[in-house]
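Right, one structure below, let's go through it.
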Amino acid sequence: MPERTYNPQKQDINLFNTWQKEKLFHFNKESGKPIYSIDTPPPYANAPWHMGGAIHYSGIDMIARYKRMKGHEILFPMCLDRNGLPIEVQAEKEFKVSMHEVPREEFLAMCKQILDRVGDMILNICRILGFSNNSFDWDDVYKTDQEQYRALTQSTFIKLFKDNQIYEDNRPNNYCTRCKTTIADNEIDYRSGNHILYDIKFKVKETGEELIISTSRPELIPAIGVVIYNPKDNRYKHLEGKTAVTPIFEDEIPILPHHYAKMEFGTGILMVCAYGDSGDVQIFRELKLNPKPIINTDGKITDAVPEFEGLKIKEAKKEITKQLEEHGYILEKVDTAHNFPTCSRCGNDVEFLAMPEYYLKQVEYLPKLKEYADTMKFFPDFMKKVWVNWLNTVSIDWPISRRRYYGTEVPIWYCKKCNHPNLPKPGPYYQPWKDDPPFDTCQKCGTSEGFEGDERTFDTWMDSSISEIYISLHPHNKRDDDLFNQLNSRDYICDIRPQGKDIVRTWLHYTMLRGHQLYDKPAFNHAWISGHVVDRKGEKMSKSKGTAIYPEEMIEKYGGDSVRLYGAIEASHGSDIRFNQQRLQGISKFINKIYNIARFVSSFPSTASGEMELQPADEWILSELSQTIAESIQGYDVYDFNVPAKALRKFTIDLFASQYIEMVKGRAYNRDEAFSEKEQNAAHYTLHKVLNIMIKAFAPLVPFVTDFIYRGLHGKSVHTENFPDPIKIIKEKKFTELTDVLLESNSLIWKFKKDMKLPLNTPIKKAILPKSLEVFVLDLKTMHTVEQISSEESELDSEIKKFILVNGEKLIISL
RNA sequence: GGGGUGGUGAUCUAGCUCGGUUAUGAUACCUCCUUGACGUGGAGGAAGUCGGCGGUUCGAAUCCGCCCCACCCCA
């Protein structure tokens, strides 16, 4: 190691390629080791990673590397998520098209183009961060849009459909008129803005009195199902059971009390329409009203309102408002702040439309899922609450079909005669929108008048929520039923689910739900939930605000190891990290320090040629090391890499480099043969032993620099070694109670010389060391160039400096 | 509106479960130092009313109550 500094740009990628060539991390179920499976979150390949992805996945890789060194065979596939709305929205933006206006095949090709490009960028970051996934060969990396994966999604659907876990229903749902699809609740964002609240004049049929209703959506007047007021509202109590007459349309609408009406909102009386917002949907459902929907999937008025048919919502609003105004029905207009539900994928305002969609049952499984939440282990523990809290609020089943293109197709053909949904056999991948059905006659009516393929796709989470099944069944993308049966013979399907805290309610939730429905057991034994990497103000990194920081640049500058260790050392697991480049730079200096310690140690022979006799200083540092390793393991075992990162850094700098190496230099060089060969050999032995163990303990965190050093010293990879065992480092722990005195005493001597403006190698004529440090006397003598150690104060000359240590002992030096 | 997490020197962070000497560590900063790995180094220094207010207590960063602020998720 001739270079004075570690150069990640030069070494890292070479090492990564070496690992790949050696197939170091390939999954081999025949290895005889217990298998440990990690359900890697497939990175979503619509946009490149910012620092968050890089740091999050680094943590996941640390789990894999630690478990590997603890003797497990690691199932840890690399993957890419390539289904769903975000990619379609991205394609529409990039190619300036609208999905429904280009041929389906063409549109899919556009999506693929983006997916391939972004996927490459993400995989490249994985390489320069040194991830130890089973393989990075393109054929080994699984993609959620590959045939094998989609076929698995479809076969689980077919199974659940036959088990009556899936049903079709025509319920009002969130609908994006731009994406032209139903979307789930958790795909909705809220946009704050303003809208105008109109006070509109209605009439009460029975009494003829005027009724003023506030609404922001006058265009929905023809869709009103009921008019409500708060039951406590004395202003309207007398209207119960009476009838309101709408302006212009003259429809007769029942008036009812309902707690949903807020007395202080507008006039306190409001119209409930099909459908203005989620509250309207609720009330229609609750009162079992017959809805009269007036908006179609294009966001236009239907023939239910002939006067305005074909107008877009906004146009209709304008037109109706105009007419209301002309007839004097509008009394007041107020500009009010409002939170608009919007499509989280495209940003368009969401409407509520009734559409026939497939639903997967989940409400009846909530008690079981709560049981799983109890028994399953979360790291960190408090993240469990996020899921439990969600389980307590779920009230409807999961709508799983989407009217989109880039996704797994709903594998159903409908009989042209009886419209019966015909499902194929599970196994192959089906594309009903373009393929002929794999059967000729209808399973219900027996006729062969032809079939209509379903054109819909699944919600992306339908694919993602079986990832743990896919990886257990397809190591290196090759189907292996034996492996699956072996893994599935346990009480859970997969060992660990690592993921971000933001998708506990989606990915984790849906996976647990489906694991239960398909295999009647929890999908995971452990869930590892990370916080976010945010910008320096603590806000989400955002490309549009310019606050996003991209990992490539940082890795180029400071190396993959630095970025990884930074993520581990910055905060304990589960906390957010505020990204700070200055501190990242500090980490890169520390990496260099490790390298230079190794450079120093490797300048001495690694195996003592003759006999050796461990000196107290040697036993001391080995004892300290043993304690540090024990502490690190405590953190590693709960996947909180902040603990080993901090403990190891502290040991490396504060004890090994600053104290032990300085103490032992004289003995290791032994220039004037003040030490015996046995003593010198012991120094060489200890230096190498500590380095060796330190490197292993650091390996899961900083795989490049550690492997570079380890290969240089031992000619093999550190990553196939076992994690060090603290009780094997030294037989009996010794002298660790002296650490504080030792540090204090050394520091006082250094400070004294410094205060005297003397170089640190200035000889000390005579000294009295603290009594307890007597065991280290020979090493301390050379360390501080003390010419004579005294035991009595009277032996000292006049020019003396006397210190009293914290523990009351004396340190006296005389120049 | 509901739930979650957090607020500790310039910046980030440990400690809080179980109250008790001088509040941990890192980065940045200032001063000094080329000693046979490392100036991407070493030594030292300065820097905090532990978000605010109130309570419990001999004693509170830690326990209790209220409030404020930030972020995440949900309605």
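Only a predicted model underlies this, so the values are computations on that prediction, with no experimental measurement involved. Throughout, protein chains are lettered first and strands after them, A, B, ... in sequence-line order, and every chain is numbered starting at 1.
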Is there, by distance only and without an angle test, a donor paired with an acceptor across the side chain of Arg578(A) and the base of U11(B) below 3.5 Å? no
Rounded off to whole Å, could you give me the CZ-to-P distance for the Phe382(A) and C72(B) pair? 15 Å
Given the P atoms of C64(B) and G19(B), what is the spacing between them in whole Å? 11 Å
For Asn746(A) and Gln659(A), does a side-chain donor sit closer than 3.5 Å to a side-chain acceptor? yes
Can you tell me whether the side chain of Glu662(A) and the base of A37(B) have a donor-acceptor pair closer than 3.5 Å? yes
Whole-angstrom distance between U62(B) and G1(B), as gauged at atom P: 28 Å
For Ile587(A) and G25(B), give me the distance from atom CD1 to atom P, rounded to whole Å. 16 Å
Just by distance, with hydrogens left out, do Ser606(A) and His688(A) show a side-chain donor and acceptor under 3.5 Å apart? no
Sidechain N-carboxylate O distance under 4.0 Å for Asp640(A), Lys646(A): no
Same-atom distance (C1') from C38(B) to U13(B), integer angstrom: 26 Å
Arg583(A) side chain: which of U27(B), A28(B), G4(B) is closest? U27(B)
Taking the side chain of Gln582(A) as heavy atoms from C-beta outward, which of U13(B), C38(B), U27(B) is closest to it? U27(B)
When pairs are called at under 3.5 Å and a stem needs at least three consecutive Watson-Crick or G-U pairs, the stems of RNA chain B are B:1-7 with B:68-74, B:10-12 with B:25-27, B:29-33 with B:41-45, B:51-55 with B:63-67
Roughly, in whole Å, what's the span from NZ in Lys646(A) to P in U24(B)? 13 Å
Candidate nucleotides C38(B), G25(B), U5(B), ranked by approach to the side chain of Lys650(A) - the nearest: G25(B)
Between Arg4(A) and Asn592(A), do the side chains contain an N or O donor and an N or O acceptor separated by less than 3.5 Å? no
Run the salt-bridge test on Asp618(A) and Lys689(A) with the 4.0 Å N-O cut-off and return the result as yes or no. no
NZ/NE/NH1/NH2 to OD/OE distance under 4.0 Å, Arg667(A) and Glu673(A): no
Close aromatic pair by centroid cut-off 6.0 Å: Tyr639(A) and His573(A): no
Would you say A37(B) has OP1 or OP2 under 4.0 Å from some side-chain N or O of Ser602(A)? no
Could you tell me how far A14(B) sits from G51(B) if I compare only their P atoms? Round to whole Å. 13 Å
Got a donor-acceptor pair under 3.5 Å from the side chain of Lys593(A) to the base of C38(B)? yes
Rounding to an integer number of angstrom, what distance separates A26(B) and G15(B) when you compare their C1' atoms? 15 Å
Considering just the side-chain nitrogens and oxygens of Ser747(A), establish if one lies under 4.0 Å of OP1 or OP2 belonging to G44(B). yes
Where the side chain of Ile661(A) is defined as all heavy atoms beyond and including C-beta, which of A37(B), U40(B), C72(B) is the nearest nucleotide? A37(B)
When rounded to whole Å, the NE2 to C1' distance for the pair His573(A) and U5(B) reads 14 Å
Separation between the P atoms of G42(B) and G25(B), rounded to whole Å: 16 Å
Between Gly574(A) and Ile653(A), just flag the one whose closest nucleotide in RNA chain B comes earlier from the 5' side. Gly574(A)
Hey, is the side chain of Arg4(A) poking within less than 4.0 Å of OP1 or OP2 on C38(B), counting only N and O atoms? yes
Would you say the rings of Tyr669(A) and Phe604(A) are close, in the sense that their centroids are separated by under 6.0 Å? yes
Whole angstroms only, please: what is the CG-C1' distance between Asp576(A) and G7(B)? 13 Å
Taking the nucleotide of RNA chain B with the closest heavy atom to each, which residue, Phe590(A) or Ser572(A), is nearer the 5' end? Ser572(A)
From the list U5(B), C73(B), A37(B), which nucleotide is the closest neighbour of the side chain of Arg505(A)? C73(B)
Test of ring centre spacing under 6.0 Å for Tyr6(A) and Tyr595(A): yes
Can you check the Phe352(A) CZ to A75(B) P distance for me, whole Å? 10 Å
Do the side-chain N and O atoms of Gln499(A) and Ser530(A) include a donor-acceptor pair separated by under 3.5 angstrom? no
Rounded distance in Å - CG (Asp535(A)) to P (C71(B)): 10 Å
Report yes if a side-chain nitrogen or oxygen of Lys385(A) is closer than 4.0 Å to either non-bridging phosphate oxygen (OP1 or OP2) of U5(B); otherwise report no. yes
Considering only C12(B), G36(B), C74(B), which nucleotide approaches the side chain of Glu570(A) most closely? C12(B)
By nearest atom, which of the nucleotides U11(B), C38(B), C72(B) is closest to the Asn580(A) side chain? U11(B)
Interatomic distance where CD1 belongs to Ile569(A) and C1' belongs to G25(B) [whole Å]: 10 Å
Suppose you measure atom P in A60(B) against the same atom in U22(B); what distance do you get, rounded to whole Å? 13 Å
Between G6(B) and C16(B), how far apart are the P atoms? Round to whole Å, please. 13 Å
From the options G36(B), A26(B), G41(B), select the nucleotide whose nearest atom is closest to the side chain of Lys589(A). G41(B)
What contact category does Arg671(A) fall into here, base, sugar-phosphate, or nothing, at under 4.0 angstrom with non-hydrogen atoms? base
